[in-house]
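In what follows, a structure is listed as structure tokens, so that the remarks can point back to it.
Residue numbering restarts at 1 for every chain, and letters A, B, ... go by the order of the sequence lines. Note that these values count all heavy atoms, side chains included, but never hydrogens, waters or copies made by symmetry.
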Amino acid sequence: MSKEITARSEDYSQWYNDLVIKGSLADYSAVRGCMVIKPYGFALWENMRDALDKMFKETGHQNAYFPLFVPKSLFEAEEKNAEGFAKECAVVTHYRLKADPDHKGKLLVDPESKLEEELVVRPTSEAIIWSTYKDWIQSYRDLPLLINQWANVVRWEMRTRLFLRTTEFLWQEGHTAHATEEEAIAETKKMLEVYATFAEEFMALPVIRGVKTESERFAGAVDTYCIEALMQDGKALQAGTSHFLGQNFAKAFDVKFLNKENKQEYVWATSWGVSTRLIGALVMAHGDDKGLVLPPRIAPFQVVIVPIYKGEESKAVIDAKAQEMMKELQAAGIRVKYDDNDNARPGWKFAEYEMKGIPLRLAMGLRDMENKVIELARRDTSEKQVLPMEGLTEKIKTLLEEIQASLYNKAAAYREEHITKADSWDEFIQLLDEKGGFVSAHWDGTADTEEVIKEKAKATIRCIPLHNEKEEGQCILTGKPSAQRVLFARAY
RNA sequence: CGGGAGGUAGUUCAGCCCGGUAGAAUACCUGGUUUGGGACCAGGGGGUCGCAGGUUCGAAUCCUGUCCUCCCGACCA
């Protein structure tokens, strides 16, 4: 069949692409580096987005929307941030096209329409937002200002991969302003925890909370906190970041407030974001050689019902029962799909929904109806069982929770097995080459050493875990003294 | 942006070397038989051969340019 999936062991990259394309999450588009998110993929994103949005609101944030375009002069105001993104910015230079006099039906950029000031298509919105906050903030009474926006951003990437790295992607970016440093740091950490909770509880994706080293830090940030996840091929993936921006943007955009003592102070800032990249993480963390495996809490459909019938008459009987079950499941808050499409036969549907990662599948035929039972199959374990119809809804609710927990536990066990200590360079390289995963090793704390390791080992410091144990040791490369281990990995 | 591969029916691909009426499988449509792990029979529709130039009596095939994709690197969420 055309829908066969490449095995992970054969070609991991191709396997990933197969899941995304054949699982109907996304498609390639006519635009270089950009993808089309298909309805099934977008439904997944909507579930993720809604859960996160609720968590943001529960922590006091409000949504707003800022422009796609950033005047170049604003963009360059915060120097480090501007430099950090300069190489990947799309720039609008003209605002009009006109008919090409030499080629009928073709258009030309109208040279008359050159913009006086170029517009940068936002790679992130700090500049436009902070220039706005300047007007919004006057006194300590305006603080904290807790804003989030759901938006698209553009980063001109050299090499793209569906969901993991595309030129345009969807994300949310929180931008907050605070009266004190302590409060801003607390906000940064709070939002990191929101991300970690979301990843673990909704995506069943265990993550390591940590701090980035200086060279991996967001341009313009004082500290970048992150959650790092581990994929099945042993590579790490940054799943979310939360930045303590200090007063860098406040100073760049002159955002001051009057404190209780009637004195002007610069505000303290944070920003934090997660993107559609999380979908890539989800695919690679749980998928198998049969297709996607989606965690019940965010799966577009949690249950699919496949009727098995012989002829119109039996179909009508099964339809009626299925509709009844649907109503009951929906009333219990379960997202369910009934596939009575007559074009495809049961076996085809089974394979199709396994590809799409629907957590539970119910198959029901006349025989089952006579016996008042139903066949239930679990996507994650491939287990099948025949259950009484009686009490089915409760059983399904329990099973969905079980699957959610089981996916998390499986991923967590894999990750635990793949955090390995290395105490010599040879061991370090061997672990990266042969085992993969995170390698916990000592590092002398300098950017130079980090750079050399990156070049030689093709691995980066993913993070310094929060609440890291202090342990005296010697740097894996230079042998210089080190106070703690950090996590290295090859990464996406 | 460098190296490699590729773009022909909705999809997967053959045809290209050696120019001469565009093919297969599958999907789709119609009818029928079917339906408990990717059904079968019969009939049918569907392609400006990525796009633009050029060579030629004639181009999917040769030449040039360009766009898009995949894989591997460098850059990055």
Side-chain angles (χ1 to χ4, degrees), chain A residues 1-6 11-14 16-18 20-22 27-35 84-89 103 105-106 123-124 153-173 195 212 215-219 224 226-229 236-243 272-281 290-291 306-312 314-315 318 339-355 361-369 371 373-375 377 382 384 386 454-455 458 460 462 491-492:
Chain A
M1 280 290 294
S2 61
K3 283 225 168 177
E4 265 168 27
I5 296 169
T6 306
D11 184 342
Y12 193 84
S13 295
Q14 191 54 49
Y16 174 79
N17 287 332
D18 283 355
V20 171
I21 301 286
K22 293 174 181 171
D27 233 331
Y28 297 111
S29 75
V31 193
R32 178 200 256 286
C34 296
M35 64 176 177
F85 282 107
K87 280 183 293 185
E88 41 190 318
C89 285
H103 301 91
K106 302 289 179 188
T124 179
V153 286
V154 168
R155 295 181 188 175
W156 215 262
E157 297 290 350
M158 287 302 146
R159 184 176 172 196
T160 61
R161 301 196 66 186
L162 294 168
F163 288 115
L164 298 174
R165 179 166 295 105
T166 47
T167 298
E168 180 191 17
F169 57 94
L170 304 183
W171 77 344
Q172 59 67 219
E173 46 183 325
Y195 288 156
K212 288 290 188 188
S215 63
E216 296 279 325
R217 191 180 291 158
F218 175 70
T224 289
C226 62
I227 51 172
E228 291 283 328
L237 184 134
Q238 179 175 303
T241 49
S242 183
H243 315 288
W272 27 274
V274 295
S275 71
T276 37
R277 186 181 223 207
L278 285 176
I279 295 175
K290 288 197 287 186
V306 177
I308 293 157
Y309 51 87
K310 299 180 201 288
E312 283 300 314
S314 65
K315 181 171 185 299
I318 295 164
D339 185 355
D340 66 341
N341 181 357
D342 194 45
N343 291 341
R345 294 160 73 265
W348 191 91
K349 291 176 186 176
F350 293 172
E352 180 67 14
Y353 294 117
E354 279 162 5
M355 175 100 68
R361 179 186 73 227
L362 296 170
M364 180 171 58
L366 277 184
R367 207 166 66 208
D368 299 312
M369 289 190 61
N371 299 328
V373 295
I374 194 158
E375 183 193 88
S382 298
K384 273 196 219 177
V386 176
K454 186 178 169 183
E455 245 170 63
K458 304 282 171 211
T460 48
R462 300 318 300 158
Y492 279 97

Query - P spacing across the pair C68(B) / G50(B), given as an integer number of angstrom - result: 16 Å
Query raised in the report: Is the closest side-chain heavy-atom distance between V274(A) and Q172(A) below 4.5 Å?
Result: yes
Query raised in the report: Can you name the residues that form a ring pair (Phe, Tyr, Trp, His ring centres under 6.0 Å) with Y12(A), not counting sequence neighbours?
Result: W15(A)
Query raised in the report: Listed by chain and number, what are the salt bridge (Lys or Arg N to Asp or Glu O under 4.0 Å) partners of D11(A), not counting sequence neighbours?
Result: none
Query raised in the report: K212(A): what forms a salt bridge (Lys or Arg N to Asp or Glu O under 4.0 Å) with it, not counting sequence neighbours?
Result: E228(A)
Query raised in the report: When rounded to the nearest Å, what value does the distance between C1' atoms of A14(B) and G6(B) take?
Result: 15 Å
Query raised in the report: Taking atom C1' of U34(B) as reference, at what distance in whole Å does atom OH of Y309(A) sit?
Result: 10 Å
Query - Distance between C1' atoms of G31(B) and G38(B) (Å, rounded) - result: 24 Å
Query raised in the report: With rounding to whole Å, what would you report as the distance between U30(B) and G45(B) at their P atoms?
Result: 15 Å
Query - Interatomic distance, E88(A) CD vs C75(B) P [rounded to whole Å] - result: 12 Å
Query - Gap between atoms CE and C1', on M364(A) and G36(B) respectively (whole Å) - result: 13 Å
Query raised in the report: Starting at CD1 of I21(A) and ending at P of G10(B), how long is that distance when rounded to a whole Å?
Result: 17 Å
Query raised in the report: With sugar-phosphate meaning primed atoms plus P, OP1 and OP2, does G240(A) contact a base, only sugar-phosphate, or nothing at under 4.0 Å between heavy atoms?
Result: nothing
Query - d(CG, N341(A); P, A39(B)) in whole Å - result: 13 Å
Query raised in the report: So do F218(A) and T241(A) actually touch side chain to side chain, heavy atoms under 4.5 Å?
Result: no
Query raised in the report: Just checking L237(A): base, sugar-phosphate only, or nothing, at a heavy-atom cut-off of under 4.0 Å?
Result: nothing
Query - Toward the 5' end of RNA chain B, by each residue's nearest nucleotide, K454(A) or N343(A) - result: N343(A)
Query raised in the report: Is there a donor N/O on one and an acceptor N/O on the other, under 3.5 Å, for the side chain of R345(A) and the base of G36(B)?
Result: no
Report task. Write down the distance separating the P atoms in U64(B) and G3(B), rounded off to the nearest Å. Result -> 16 Å
Query raised in the report: Is T460(A) touching bases, backbone alone, or none of the nucleic acid, heavy atoms closer than 4.0 Å?
Result: nothing
Query raised in the report: With both distances under 3.5 angstrom, what nucleotide forms a Watson-Crick or G-U wobble pair with U48(B)?
Result: none
Requested in this report: In whole angstrom, give the distance that lies between atom NZ of K349(A) and atom C1' of U34(B).
Outcome: 13 Å
Requested in this report: Let me know the distance between CG of D18(A) and C1' of U12(B), rounded to the nearest Å.
Outcome: 12 Å
Report task. Answer with yes or no whether E354(A) presents, from its side chain, a donor or acceptor under 3.5 Å of a partner atom in the base of G37(B). Result -> yes
Query raised in the report: Considering residues at least two apart in sequence or located in another chain, which fulfil the side-chain contact (heavy atoms from CB on, under 4.5 Å) criterion with K384(A)?
Result: R361(A), E375(A), A377(A)
Query - Base partner of C1(B), which must satisfy Watson-Crick or wobble distances under 3.5 Å - result: G73(B)
Report task. In whole angstrom, give me the gap between the C1' atoms of A59(B) and G15(B). Result -> 14 Å
**Report entry** Sequence-distant partners of T167(A), side-chain contact (heavy atoms from CB on, under 4.5 Å), two or more places apart
**Finding:** C34(A), V154(A), W156(A), T160(A)
Requested in this report: Please state the C1' separation for the pair G43(B) and G58(B) - nearest whole angstrom.
Outcome: 36 Å
Query raised in the report: Under 4.0 angstrom, heavy atoms only, what part of the nucleic acid is E157(A) near: base, sugar-phosphate, or nothing?
Result: base
What pairs of nitrogen or oxygen atoms, one from the protein and one from nucleotides 65-71 of chain B, lie under 3.5 Å apart?
unit_1 : atom_1 : unit_2 : atom_2 : d
U69(B) : OP1    : G33(A) : N      : 2.7
C70(B) : OP1    : Y28(A) : OH     : 3.4
C70(B) : O3'    : N17(A) : ND2    : 3.2
C71(B) : OP1    : N17(A) : ND2    : 2.8

Query raised in the report: Rounded to whole angstrom units, what separation is found between the CD atom of E312(A) and the C1' atom of U33(B)?
Result: 14 Å
Query raised in the report: If you round to the nearest 0.5 Å, how far is CD1 of I279(A) from CG of L162(A)?
Result: 11.0 Å
Query raised in the report: When you compare C16(B) with C1(B), how far apart are their P atoms, in angstrom units rounded to a whole number?
Result: 34 Å
Query raised in the report: Who does U30(B) pair with, Watson-Crick or G-U, both distances under 3.5 Å?
Result: A42(B)
Query raised in the report: Is there a side-chain polar atom (N or O) of K310(A) under 4.0 Å from OP1 or OP2 of U35(B)?
Result: yes
Query raised in the report: Under 3.5 Å, is there a donor-acceptor pair linking the side chains of T460(A) and R462(A)?
Result: yes
Query raised in the report: So what does F218(A) touch, heavy atoms closer than 4.0 Å: a base, only the sugar-phosphate, or nothing?
Result: nothing
**Report entry** Base-pairing mate for G20(B) - Watson-Crick or G-U, with both contacts under 3.5 Å
**Finding:** C57(B)
**Report entry** N or O in side chain of K384(A) less than 4.0 angstrom from G36(B) OP1/OP2
**Finding:** no
